[in-house]
Amino acid sequence: AIDMSLYMAGEGRRLFGQLDWRFRPEWTLNASLLAEKFSGDSPHFSPRLFANWQLSPQDTLRFGYARAWRQPHLFERYGDVRAIYQGILLVQPYLPNPDLQATRMDSLEIGYLGQFQPWNTRLDLRLFNERIENYIARVSHPEYVTALPLPPARYENLVTPVTLRGIEYQLVSRPTSSTRLLFSHSLIGRYNSDSAITQLTAPYTASLSWIQDWNRRWASTLTLLRMGPLAGGSGFVAGYQYTSSPYTTLDARLAHHFKAGDTPLEIALAAT
């Protein structure tokens, strides 16, 4: 199967093509290419190539490569924020950077999808390596002098790449027709010369959900989430970063379904 599409809006052009080829009964190839052109920027090409190998009716392996781009938004390139009083530049927290380049991410992965009879369980597992070039970060520039001690900063591309490497998987089980259990877990290694950048990704996450349909009128959801340490992005003051400690949350929701005449309604109580 071949699919082609062309999209044009304002100063942007986008051409997309996709090929699906089942060249053997147990092998399927998915290939696509996205070409984008925005005004003032060079064309970007985003290829994607995945192969699926069905070892058995219950087991499938996949191998893939994909490239994606993140276009800088207008404020990152041209944002210029300053405060002036009686001709004196007090602060300039945001400097423009019209030479900012788009961020590129190249991803390699090996995956496994399995179906198991106990509790009608499905396992979706993924090993991945993601390399991010020209990552955009806010960099302080104390050499620009202002009246108040708040150094100007601007968005810049990192010279060294950011690499994320790890494993993530999800287990979905249906012990009964009205019960659904979901467990997700990820372990991520973060690599860059700047620790403030690597801390923007949590090294691990885990969640367990129990979704229950009690009858035609009542349903409930219970979710337990564990999040590793995670830093917030750069705020008004460049260089200042808050990192949250690992935390656990428990969310519960109970819903009741009913009708008012012919109108279906739902009332729910949620607690965290």
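Residue indices begin at 1 and follow the sequence shown.
Remark: aromatic rings of Y65 and F50 are distant, center separation not under 6.0 Å.
With respect to D99 and R154, no salt bridge is recorded, no charged nitrogen being found less than 4.0 Å from a carboxylate O. A salt bridge does not link D106 to R131: none of the charged side-chain nitrogens sits closer than 4.0 Å to a carboxylate oxygen. Between R82 and D80 there is a salt bridge, with a side-chain nitrogen of the basic residue lying less than 4.0 Å from a carboxylate oxygen of the acidic one.
In this structure, CG on L29 lies 12.5 Å from CZ on R22, to the nearest 0.5 angstrom. Separation of atoms CD1 (I188) and CZ (F128) is listed at 4.5 Å; rounding is to 0.5 Å. Atom CD of Q54 sits about 4.5 Å away from atom OG1 of T60, to the nearest 0.5 Å.
In terms of heavy-atom proximity, R62 sits nearest to N52 at CB-OD1, 3.4 Å. The nearest pair of heavy atoms linking Q199 to R190 is CA-NH1, 4.0 Å. Nearest heavy-atom pair across H44 and A102 is CE1-CB, 3.5 Å.
You'll find the side chain of R138 reaches within 4.5 Å of the side chain of Y94, heavy atoms only. Residues W21 and W27 have side chains not in contact (no heavy-atom distance under 4.5 Å, counting atoms from C-beta outward). F183 is listed as a side-chain neighbour of Y169, based on a closest heavy-atom distance under 4.5 Å.
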